[in-house]
K.L.:
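One structure is given below, represented as structure tokens, and several questions about it will come after.
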Amino acid sequence: MGGGQGKAANGSEYLDACDHTPIFRCFDGLDSAEQSQQFKEQVASFFHRQSIPAGASVFDHKVGRRDLVIVEKGGLTMVSCHGEDKTHKKDRPVIKHVEQGEMMGMMELVRNVEQERDKSTGEYPVDVVADAKTHVLVLSQDVYLSQLVANRDHEACRLFCDNLMGLTRAAIVNWLKKVVVLRDVAEKALEELADVAHFQSMPADTVLIEQHAKVPRLYVVLSGVLKVTCEASSKSPRERAGETEAVEVGQLLAGDFFGESSLLNAADKDQGLAPISSTASVTTASECLFIYFESDAMKESLLKLPDVKEKIQGYIKDRLSAQLVAMNLGLFNSMRPASIALFTADLSIVNLSDGDVVFEKDSEGDDFYIIIEGAVKIEDGENLHVALSRKGDYFGEVALVRSEPRAATVTATAPTSLARVCGSNFQSLCLQSPSVAAEFEIKALGTKASVGALLLHPSTAPLLKKTLDDEFSSENYHCWGMVEEYRGKIDTGAPAAETYALAKQIRDRFITTDTEELINISAKADKHVKKYFADVDEGDPKPPRDLYDPVLKCISNNLRGNLQRFCVTKEYKAVLASFDTYTPRGRKKKLPGSVLGGDLSPATLRKLADLVEKAETMAAESKLLKVGNSVRAPRGDACVKAMVSDLDAAAGTVEVVYEDATEATVPSGACSALLDFEVAPPAPAKDSVEAAGECKARGSRLFQAKDYVAASGHYKAALGVLKRLYPLGVGALVEVNSNGALRVGTVSGVDDDEKTVDVMYDDGGEDDDEISRKRILAVVAPKPEGRAIQLTTYLNLARCATRADRAKDAVSCCTLAGGIAAFDELLEHHLVTTKILRARAHLQQKHLKQALRDAKAAADLAPADKNVVALNRDVEAAKKRALRENKKLAKEVTAWVESAQGKFSENGGNEADCAQHFTPLRKTSVDVSLSASAPSRAAKPRRAAATRSAAW
């Protein structure tokens, strides 16, 4: 035998440290003590001694990561390297201590533990540090393989190597016994598994398995924590386009296993367990040590262990079920644990390639399917109904709910794995979970769903109940609910006396009563109920489950009209949209082959394109314009919210009722859909600058839709948020009406009793003391971002007021905006807009002098601005128009005066006749002067006529 690195001339020097360890006990059973001592010394001679300074890593002092180490003196600590500073090794998280006389590294030496470096730091996941100055004996792996394993023909080497292999095998077997599916496996079988096991060490944040990837091996966790995540979303396909959301569905700890789907082979396909890709991602949350088994080697071992294979297959089903439940599917929301167990009892996996058919149209509907991964399309032979691609999407329930053949063909559009549930389990599930059955029925039948399904599902029940309350039919759903409670008591085996008491309460409240809750039922149903109560033995009642079934049928008939009205409401349509109901798409018009061949002229092609566009527009209108739908309809120059009351397809018009109950007939093409936040109003937000900005943004969208009144409401809401956010108080920045001038200042004092405030100004002018709060026009936001929102909201509110013929309000808003713009240098560029808007509001009121003033101010600020140029042109035109009207008025007045003077003379000075003859002309002149914005004058006495003539 040859020696190793640092081999002592005589192994006895190291024997004291080695002899007590398990690796040398293989020599204790030899017949000759002398031979035992000789073998020990020979093997010990392959160790070498290393001295490790305090706090230093053993791997920096000629110790390899796959070497066996025995602590001769001192102590070692294994520490974590994840996320820690390399220069402070002693302060790192401790994994374990190795005291004097103990050893470490046996598994690494014999089993070749694979160690991965941290990709971000380049460090190995663990380090071994000396607690103090420490002496260790080291058996390097190179020496072990070249001197001991290679010389197994020597008895000392053979005994030593076999002992190491046996010790590591026993350690692996002990670990495997902690795995749930291997607890009852015989020791010999576990030893066979141990011989094909591999070891791997991983740092934190390492992805071992990615979702959708093929799984090559089975892992058993020896130490550490891993997290399991799935890609999923609870949104509808339209909302989740382009989004991927990771949901954590569990953790794996020591003794757990994963990657079990790698053990399924082609032979399992008959049992619905064909090889599948990973249904989840697995990532290390800390440093982890694993045993792993390559799939081929493990499969051979499982051939001898059919019980283990069956358990693993069961775990695959359980984990898939757990992942589906963790996705928060509406399907599982109301299921009890027993229902979920029933649902997954016969779960099987179906694997499909792109283009494989799940089932054909008109085939028997036997099974229900849930997508684990991949995508499918549902076709009825002509039109594409829907495409499903989300984990947890389900299909196949239509035929089972309706008890009819398949209504469509389902085909995989990508490599796909499906969870299949047999039809009998599906029916049992519906019986155990009525709300689940209700969702299936609503999705399958849409607007034809029964009243029972609508009252049982949590999304539709409150909506239908509100409709029935509004239509004074609430007694029907109250009775329905109590009958369902009665049925539930019978199904759960409640005491007969308790069930009978409830049955009697239903009869007294809804059938034999003379109150408003009396249900309208048929004579047959009434006779059925009365017969039971007439024949029942109250001492031993046995209420039947179907006692009130005829009553429920009557309620369904009573509510037929209510349901028809409910099913066309936008709220119910929104629920159907959230269920991704199978709504057929419109048929696409096929163009003649000559179009594709290019035989038609460009003009003909243009006509065809116009026809197609017109057809698409009509299809969109037909979806929007239905009686009872809320739309945005034209009203004057604006478009406001209205409800469709009637349609005239031939004339292309629609009758609408506005919110003030006014009716109108408008072109159907002029109507548009409401905005999203009008259909589903957002939840109230806490007052903040951001909340004010969101209100302003909603107002701007309504302004673009020409709904100026609704837009004003949202703009005022934005200002209201800022007003609540920045109340009037000491230190507040305010806009003040200071002797007719708008000034911005800071409140220095507040007198709540007198309702006055003191204001200091920064413009150098005189401060205002004890001024009335009524002179405070607005509180200005203290921060620039708030002021920007406040100013632009005032301007937008002014635009709305101008378009709604409220020019006076527009002037006020522009004035407040101008004060903020003049105060804040960052907002000065808005001054031009402020002047333009206010000038146009003055023009709307025919206040020419004020309009001229604002137009001149705008021209001084931005003379080349095209809006300013257009404003000044319009103001000049208004000025000329006013001058012409004044000249015309002057001529009329002059003519009236002259005529009056002449008639006065003809009458010989009879003033009474003169006044009686010319009174109508005088009134007309006054009216004209007012309409032409001439200065208003009170009627003067007739004897002042000459004076007026001289004045004109």
Side-chain angles (χ1 to χ4, degrees), residues 638 692 695-696 699-700 702-703 707-728 732-745 747 755 757 759 761 763 768 771-781 786-824 827-858 861 867 871 874-875 878 933:
C695 291
K696 174 177 169 288
S700 298
L702 287 166
F703 183 86
D707 194 342
Y708 306 121
V709 175
S712 297
H714 285 274
Y715 289 140
K716 290 177 181 178
L719 294 174
V721 171
L722 293 176
K723 184 176 180 180
R724 293 190 297 273
L725 200 58
Y726 308 119
L728 178 65
L733 198 61
V734 294
E735 289 184 293
V736 183
N737 179 3
S738 180
N739 298 322
L742 179 67
R743 301 172 71 187
V744 178
V747 175
K755 295 184 179 179
V757 296
V759 182
Y761 301 105
D763 56 8
D768 283 329
I771 63 173
S772 172
R773 289 192 181 186
K774 294 181 180 180
R775 289 171 58 187
I776 303 298
L777 303 180
V779 177
V780 180
R787 283 198 292 272
I789 292 176
Q790 192 174 20
L791 184 148
T792 52
T793 303
Y794 276 131
L795 292 179
N796 290 344
L797 199 54
R799 293 184 176 99
C800 290
T802 302
R803 287 164 173 79
D805 294 327
R806 299 197 311 273
K808 186 176 180 181
D809 293 340
V811 170
S812 300
C813 291
C814 290
T815 303
L816 293 172
I820 298 174
F823 170 78
D824 193 333
L827 302 175
E828 279 184 345
H829 59 283
H830 288 290
L831 277 174
V832 176
T833 305
T834 302
K835 301 296 183 184
I836 293 173
L837 289 177
R838 191 166 69 173
R840 293 204 174 276
H842 284 314
L843 282 179
Q844 195 173 7
Q845 298 179 88
K846 297 185 178 180
H847 295 167
L848 188 58
K849 181 178 179 181
Q850 292 89 332
L852 285 168
R853 180 193 62 203
D854 284 334
K856 182 179 183 305
L861 291 170
N867 294 319
L871 171 65
D874 294 343
V875 171
S933 298

K.L.:
Please report the interatomic distance OG1(Thr833) to CG(Leu827), rounded to the nearest 0.5 Å.
P.N.:
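Separation between the atoms: 11.5 Å.
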K.L.:
Can you tell if the side chain of Tyr794 reaches within under 4.5 Å of the side chain of Leu719, non-hydrogen atoms only?
P.N.:
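Tyr794 reaches Leu719 side chain to side chain.
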K.L.:
Flag the pair Thr802 / Tyr708 as yes when at least one side-chain heavy-atom distance between them is below 4.5 Å, and no otherwise.
P.N.:
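Sidechains of Tyr708 and Thr802: no contact.
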K.L.:
Which heavy atom of Ala798 sits nearest a heavy atom of Ala810, and at what distance?
P.N.:
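Heavy atoms of Ala798 and Ala810 come nearest at O-CB, 3.6 Å.
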K.L.:
Can you see which heavy atom on Leu843 is nearest to which on Ala878, and at what distance?
P.N.:
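So the two residues come closest at CD2-CB, 3.8 Å.
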K.L.:
Taking atom CG of Asn867 and atom CZ of Arg840, what is their separation to the nearest 0.5 Å?
P.N.:
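The CZ atom of Arg840 is 8.0 Å from CG of Asn867, to the nearest 0.5 Å.
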K.L.:
With a 4.5 Å heavy-atom cut-off, do Phe703 and Arg803 have their side chains touching?
P.N.:
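In short, these two side chains touch, coming nearer than 4.5 Å.
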K.L.:
What closest approach, in Å, do Arg799 and Asn796 show between heavy atoms, and which atom pair accounts for it?
P.N.:
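Here Arg799 and Asn796 meet closest at NH1-OD1, 2.7 Å.
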K.L.:
What's the separation between atom CG in Leu837 and atom CG in Leu797, rounded to the nearest 0.5 Å?
P.N.:
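Between atom CG of Leu837 and atom CG of Leu797 there are 11.5 Å.
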K.L.:
Kindly give the heavy-atom pair with the smallest separation between Asp809 and Ala801, and that separation in Å.
P.N.:
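Nearest heavy atoms, Asp809 then Ala801: CB-CB, 4.0 Å.
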K.L.:
To check you understand the geometry: which heavy-atom pair defines the closest contact between Leu831 and Ala822, and what is its length?
P.N.:
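Shortest heavy-atom contact: CD2-N, 4.0 Å.
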K.L.:
Rounded to the nearest 0.5 Å, how far does CG of Leu728 lie from NZ of Lys723?
P.N.:
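One gets 9.5 Å once the value is rounded to the nearest 0.5 Å.
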K.L.:
Roughly how far, to the nearest 0.5 Å, is the CZ atom of Arg743 from the CG atom of Asp768?
P.N.:
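Asp768 atom CG to Arg743 atom CZ measures 6.0 Å (nearest 0.5 Å).
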K.L.:
Between Ile820 and Val744, does the side chain to side chain contact (heavy atoms under 4.5 Å, CB included) criterion hold? Intermediate values first, please.
P.N.:
CA-CA 8 Å; Ile820 298 174; Val744 178; over 6 Å; no
K.L.:
Write down the atom of Ile836, the atom of Ala858, and the distance for their closest heavy-atom approach.
P.N.:
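Heavy atoms of Ile836 and Ala858 come nearest at CG1-CB, 4.4 Å.
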K.L.:
Hey, does the side chain of Arg787 reach the backbone of Ala781 with a donor-acceptor pair shorter than 3.5 angstrom?
P.N.:
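Checking the backbone N and O of Ala781 against the side chain of Arg787, a donor-acceptor pair under 3.5 Å is found.
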K.L.:
Does Arg775 use its side chain to pair, donor to acceptor, with the backbone of Asn737 at less than 3.5 Å?
P.N.:
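Checked: pair present.
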K.L.:
Would you check if Thr815 and Val811 make a side-chain contact, meaning some heavy-atom pair closer than 4.5 Å?
P.N.:
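Touching, per the 4.5 Å side-chain cut-off.
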K.L.:
With the side chain counted from C-beta on, respond yes when Arg838 and Arg853 share a heavy-atom pair under 4.5 Å apart, and no when they do not.
P.N.:
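Heavy-atom side-chain distance check passes, below 4.5 Å.
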K.L.:
Do any N or O atoms from the side chain of Gln790 and from the backbone of Val779 form a donor-acceptor pair under 3.5 angstrom?
P.N.:
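Yes.
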K.L.:
To the closest 0.5 Å, what do you measure between CZ (Arg806) and OG (Ser812)?
P.N.:
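Interatomic distance, Arg806 CZ to Ser812 OG, rounded to 0.5 Å: 11.0 Å.
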K.L.:
Only one of Asp854, Leu852, Val875 passes side chain to side chain contact (heavy atoms under 4.5 Å, CB included) with His842; say which it is.
P.N.:
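Among Asp854, Leu852, Val875, the one that satisfies the side chain to side chain contact (heavy atoms under 4.5 Å, CB included) with His842 is Asp854.
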K.L.:
Is the side chain of Tyr715 donor-acceptor paired with the backbone N or O of Thr792 at a distance under 3.5 Å, no angle test?
P.N.:
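No; zero donor-acceptor contacts below 3.5 Å.
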